[in-house]
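Data block below; observations after.
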Amino acid sequence: MFPPLYPFPVLTALQSIVDSIQTNPVTILDAPPGTGKTTALPTELLKAGVSSGKKICILEPRRIAAKNAAKRISQSLNEDVGTTVGYRVRFDTKANKDTKIEFVTDGILTKILLTDPELKDYGLIIFDEFHERRLDSDFCFALTRRTQEVFRNDLKLLVMSATLEGQNFESIGIHSKPIRVKAETHPLEIFHMGDSNKNVNFRLLDLIPKAVEQTEGDILVFLSGKKEIHDLKNGLEPIPQIKSNAVVMSLYGDMNLTDQERIFSPNPQGKKKIILSTNIAESSVTIPGVRVVFDTGFHKHAVFDSESGVSHLIKDRISLSSAKQRAGRAAREGKGFVYRLWSLEEEKSFLDRTKPEILEGDIDRLVLEVKSWGEEIQQLPFLDPPNKGSVAKSVHRLQLLGCLDSQSNLTELGKECLRYPLPIRLGKILSVLPKEKESVVADIVSLVGKENFGTEAKSFPKENPPESFPYELKAVFDQILRIYREKSNLSLVLPGKDRLFYLASGFPDRIAKTKILNGKEFKLSNGKQGILNTTSIQIPEYILVLDTFSFGQDLLITSFLPIEESEIEKFFLDLIHTKVVSETRTNQRGESFLVVKEERNLGELVLNSKETKSPDPTILSLALTEYITKAALEEEWEKDLELKNFYNRVRFLENHAVLDIKTDFPHLKETCKEWLFPFINFDSGKLSLDKLPYLEAFKAYVGYDKLNLIDSFAPSSIQVPSGSQIQLNYDGIEPELHVKLQELFGLKSLPKLANGKVSILIHLLSPARRPVQITKDLESFWNQGYHEVKKELKGRYPRHPWPDKPWEATPTKHLNQTKRS
């Protein structure tokens with residue numbers, strides 16, 4: 001099946017690797033693809049004794065890589081798999097207590113660590129293809145680092161990849177210098193095929209048949225997902241050149257492992273293989289015979305929206321490190337050719353490396369597993385710690401599901417959920433499901449790992465018979481059913497409910513209500529908006545959203561179950577809360593009143609509401625509190641000039657430390673119950689918003705004993721030399737007096753306010769009451785500025801006095817005496 005192992009370049013650095021493992025807790029190996037990291041190095045490390053007589057565990061991100069690496073090394077040792085070298089992956093194990101080298105996937109290693117934190121059987125843990133940065137792999141790396149610190153200072157770690165650029169190991173205290181292996185590789189020609197916006201399928205249907213005729217070796221095509229693989233396969237197979245000379249094969253994560261393994265064998269008829277693959281073929285074990293790679297430059301990956309608790313499978317650009325890995329597949333056994341379906345200009349915008357899954361994936365399970373380990377997530381030495389906001393939202397969601405208590409401690413339900421290798425919300429359903437409801441297990445498994453091929457929303461099937469499942473999903477079902485039948489905590493079971501109840505118990509944040517009757521726009525109980533893409537004219541008012549994908553800012557609902565309001569009330573009684581809300585209503589006379597309503601809410605979803613006709617004083621008080629909290633109080637106070645002026649005078653004295661009081665609007669809103677409510681009669685059952693006693697209540701809040709002080713140090717008006725009583729304006733930073741300049745003749749200065757601290761800003765006006773000068777220094781104005789103003793205005797206003805000596809003139813608000821007579 002495999003070519004024999006031959007001297008690999010990585011072995012030229014074997015002594016350096018051995019020395020580093022014996023000296024350092026963590027060794028970092030940076031070696032190009034095809035140098036023998038995965039298949040040649042492990043047995044040499046075993047011979048060198050770096051695991052101190054214990055097992056070597058090699059973490060491979062993908063099952064196919066783990067199985068094939070174990071098979072290839074066993075073949076080179078002339079042994080059956082599971083003797084010296086074995087593997088443990090989901091649904092398949094070939095290893096025993098005497099196996100010395102075990103290839104495992106991250107899910108298996110996580111389980112081992114949580115069961116045996118000391119890793120008693122292992123002396124060396126190798127993290128292969130570390131650059132992939134899967135969430136579970138990062139978790140395993142953090143836990144093994146903690147195992148080294150707490151339990152096992154003799155445990156050794158080896159990190160391996162061909163692309164380790166940008167990994168900041170020093171940030172978590174790993175200072176060992178990377179060992180870099182250089183290797184002479186076969187020639188590799190890379191061609192950039194231009195704008196990637198052109199139809200990829202059309203281009204590949206043209207290019208691949210030409211490559212079949214004009215190149216040697218098998219062809220590997222990187223596509224973004226299963227749908228793209230199926231579409232291209234259907235398009236290629238009828239083409240004559242393909243039909244005669246090649247066989248088209250698929251390779252993706254959740255296909256039958258037996259079918260995956262056929263990729264590694266030569267075609268029995270000697271035909272050229274055209275392998276259509278997702279990024280599963282990007283790393284790890286070589287696919288023999290590949291000499292040509294077509295790379296579309298895209299991949300699909302799950303991005304978790306922490307706000308809605310929904311994972312979206314999105315199509316995205318690959319990174320430069322992924323492009324490098326993909327290209328390397330073509331030159332493992334001879335000269336290779338790579339055709340990149342993008343331009344060099346586009347490549348400048350590619351990210352250097354793939355974003356770690358822990359920064360954008362669903363961390364709900366991770367949060368529970370860390371709690372199960374016995375620490376908090378921020379305490380573990382993650383290379384890239386998860387976002388704090390995402391952790392907080394995850395904790396809230398897990399509390400809603402009952403997996404964490406109000407103190408964020410792991411509950412018995414949370415422990416039970418972790419028994420199932422499924423998303424936590426599905427584990428919750430299984431944990432509360434009684435034995436007699438076993439048929440629901442198939443429903444739950446059917447929700448796992450789907451890639452949407454269309455957008456037509458479908459009501460969830462009434463039955464999901466396991467015999468209709470594809471091979472891989474059937475294996476998942478069998479595993480989950482076995483765990484379910486071995487229920488360890490029957491006290492969590494909720495008997496006597498129907499199918500809908502159990503499914504709903506895992507999705508309390510996904511109850512949705514249509515915005516308008518028979519409308520397709522829904523609001524979910526987690527606050528997100530959803531769109532039901534359906535041609536049906538009968539749309540339920542309430543639905544349980546089971547599956548979605550992103551649609552701009554909204555969710556496109558693809559799978560749902562109708563649910564009645566009465567069922568929501570019954571299923572989620574402990575999560576429904578009653579809330580008093582208020583709204584304003586204006587009658588025909590233009591008077592505004594406060595209307596009190598009682599709402600029943602599930603999360604952010606209003607199930608129903610009713611107006612309270614004669615609310616008791618407590619409810620009315622709560623409603624008014626909510627109204628004032630939301631109201632633009634400053635705008636309301638602007639409408640009452642007396643209130644506005646008094647408030648501005650108080651604020652002026654507060655700002656200048658004459659009054660020791662807090663009067664900003666946020667504080668007044670927050671404390672309205674103390675200063676405003678005592679002046680309101682809540683027994684009336686009705687409140688006029690136009691007649692709230694703000695002024696009276698605010699004066700009492702300031703203190704009646706302070707009123708004389710306010711009048712003295714911040715008077716509302718001031719008498720000027722002409723005898724006029726003129727209002728002071730406290731709207732701005734400084735108090736202002738707007739007055740005709742003739743009314744101030746002879747006055748050298750105005751009194752200072754705020755106990756002598758603040759001068760009045762005088763706006764001197766023309767006879768037409770237009771500003772001619774702004775000053776705080778009257779004496780200077782009379783001596784200098786006045787004469788310029790007089791020169792400009794005397795001719796325009798001859799009937800008004802313009803004396804040569806304004807400081808000696810009589811102030812007046814009238815015209816010249818001579819003119820008046």
Residues L737, V720; criterion side-chain contact (heavy atoms from CB on, under 4.5 Å); working and verdict: CA-CA 10 Å; L737 178 73; V720 295; 4.1 Å; yes
Salt bridge (Lys or Arg N to Asp or Glu O under 4.0 Å) between R600 and E569, intermediate numbers included: CA-CA 10 Å; R600 285 177 63 71; E569 293 272 358; 2.4 Å; yes
As an exercise, state the distance from [atom1] of [X] to [atom2] of [Y], rounded to the nearest 0.5 Å.
X: I628; Y: L624; atom1: CD1; atom2: CG; answer: 4.0 Å
X: K630; Y: T584; atom1: NZ; atom2: OG1; answer: 11.0 Å
X: K757; Y: L653; atom1: NZ; atom2: CG; answer: 9.5 Å
X: N645; Y: D640; atom1: CG; atom2: CG; answer: 9.0 Å
X: I774; Y: E734; atom1: CD1; atom2: CD; answer: 10.5 Å
X: L668; Y: E674; atom1: CG; atom2: CD; answer: 11.0 Å

Give the minimum heavy-atom separation between [X] and [Y], together with the two atoms involved.
X: I377; Y: F382; result: O-CE1, 3.7 Å
X: I576; Y: I568; result: CD1-O, 3.8 Å
X: F460; Y: S559; result: CD1-OG, 3.5 Å
X: L676; Y: A697; result: CD1-CB, 3.8 Å

For the pair [X] (side chain) and [Y] (backbone), establish whether a donor and an acceptor sit closer than 3.5 Å, ignoring hydrogens and angles.
X: D509; Y: S525; result: no
X: W675; Y: V702; result: no
X: T411; Y: G402; result: yes
X: S431; Y: G427; result: yes
X: T625; Y: S621; result: yes
X: Q784; Y: F781; result: no
X: E567; Y: E564; result: yes
X: K428; Y: L401; result: yes
X: N387; Y: G389; result: yes
X: T558; Y: D547; result: yes

Set of residues satisfying salt bridge (charged side-chain N to carboxylate O under 4.0 Å, His left out) with respect to K673, sequence neighbours excluded: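 Here no residue qualifies.
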Please identify each residue that fulfils salt bridge (charged side-chain N to carboxylate O under 4.0 Å, His left out) with R510, with sequence neighbours left out.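 Applying salt bridge (charged side-chain N to carboxylate O under 4.0 Å, His left out) to R510 gives none.
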Crowding at [atom1], [X] (>12 non-hydrogen neighbours, <6.0 Å):
X: E670; atom1: CD; answer: no
X: D705; atom1: CG; answer: yes
X: I733; atom1: CD1; answer: no

SB check E583 K597 (cutoff 4.0 Å):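 Answer for the salt bridge query: yes.
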Holding to side-chain hydrogen bond (donor to acceptor under 3.5 Å, both in side chains), I want the full list of residues that pass it with E416, two or more places apart in sequence or in another chain.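 In terms of side-chain hydrogen bond (donor to acceptor under 3.5 Å, both in side chains), with neighbours along the sequence ignored, E416 is linked to R419, S488.
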Side-chain heavy atoms of [X] within contact of [Y], under 4.5 Å:
X: L594; Y: R585; result: no
X: S759; Y: L750; result: no
X: K371; Y: N409; result: no
X: H656; Y: V758; result: yes
X: L659; Y: L709; result: yes

Going by the side chain to side chain donor-acceptor pair (under 3.5 Å) test, which pairs reach into residues 713-722, not counting sequence neighbours?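 Side chain to side chain donor-acceptor pair (under 3.5 Å) check on residues 713-722 returns S717-Q725, S722-S724, S722-E743.
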Once side chain to side chain contact (heavy atoms under 4.5 Å, CB included) is applied, do any residues pair with [X], and if so which ones, sequence neighbours excluded?
X: K513; value: E541, Y542, L605
X: K415; value: L410, E412
X: E591; value: N587, R589, F593, D690
X: P540; value: I543, F560, P562

Under the criterion side-chain contact (heavy atoms from CB on, under 4.5 Å), I'd like the reasoning laid out for V545 against I511: C-alpha separation, chi angles, the key distance, then a yes or no. CA-CA 6 Å; V545 177; I511 302 297; over 6 Å; no
Would D731 and K644 count as a side-chain contact (heavy atoms from CB on, under 4.5 Å) if you check the C-alpha gap in whole Å, the side-chain angles of each, and the deciding distance to 0.1 Å? CA-CA 9 Å; D731 286 353; K644 172 191 169 184; 3.4 Å; yes
State whether a side-chain donor-acceptor pair under 3.5 Å links [X] with [Y].
X: K515; Y: Q529; result: yes
X: E599; Y: N608; result: no
X: S491; Y: N489; result: yes

Mind telling me whether W637 and Y694 have parallel, tilted or perpendicular rings, with 30° and 60° as the class edges?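 Correct class here is tilted.
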Below 30° counts as parallel, above 60° as perpendicular, anything between as tilted: where do the rings of Y701 and H667 land?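 The rings of Y701 and H667 sit tilted, inter-plane angle from 30° to 60°.
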Using the six-membered ring of F646, assess whether NZ or CZ of K699 lies under 6.0 Å from its centre and within 45 degrees of the ring axis.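 Relative to the ring axis of F646, which defines the angle, K699 lies inside both limits.
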Pair listing, ring-ring contact (aromatic ring centres under 6.0 Å, His included) test, anchored in residues 499-531, at least two apart: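 For residues 499-531, and leaving out neighbouring residues, the ring-ring contact (aromatic ring centres under 6.0 Å, His included) pairs sorted by first residue read F501-F571.
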Any pair with a residue in residues 711-734 that passes ring-ring contact (aromatic ring centres under 6.0 Å, His included), sequence neighbours left out, goes on the list, sorted by first then second residue, please.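 The answer is F652-Y730.
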Pair listing, salt bridge (Lys or Arg N to Asp or Glu O under 4.0 Å) test, anchored in residues 396-408, at least two apart: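 Listed once each, the pairs are D364-R397.
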Side-chain atoms of residues 763-771: list all donor-acceptor pairs with protein atoms under 3.5 Å, sequence neighbours left out, distances to 0.1 Å.
| unit_1 | atom_1 | unit_2 | atom_2 | d |
| --- | --- | --- | --- | --- |
| S766 | OG | A768 | N | 3.2 |
| S766 | OG | R770 | N | 3.1 |
| S766 | OG | R770 | O | 3.4 |

Residues I539, T534; criterion side-chain contact (heavy atoms from CB on, under 4.5 Å); working and verdict: CA-CA 9 Å; I539 297 176; T534 177; 4.2 Å; yes
Ring centers of F745, W807 separated by less than 6.0 Å: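 No.
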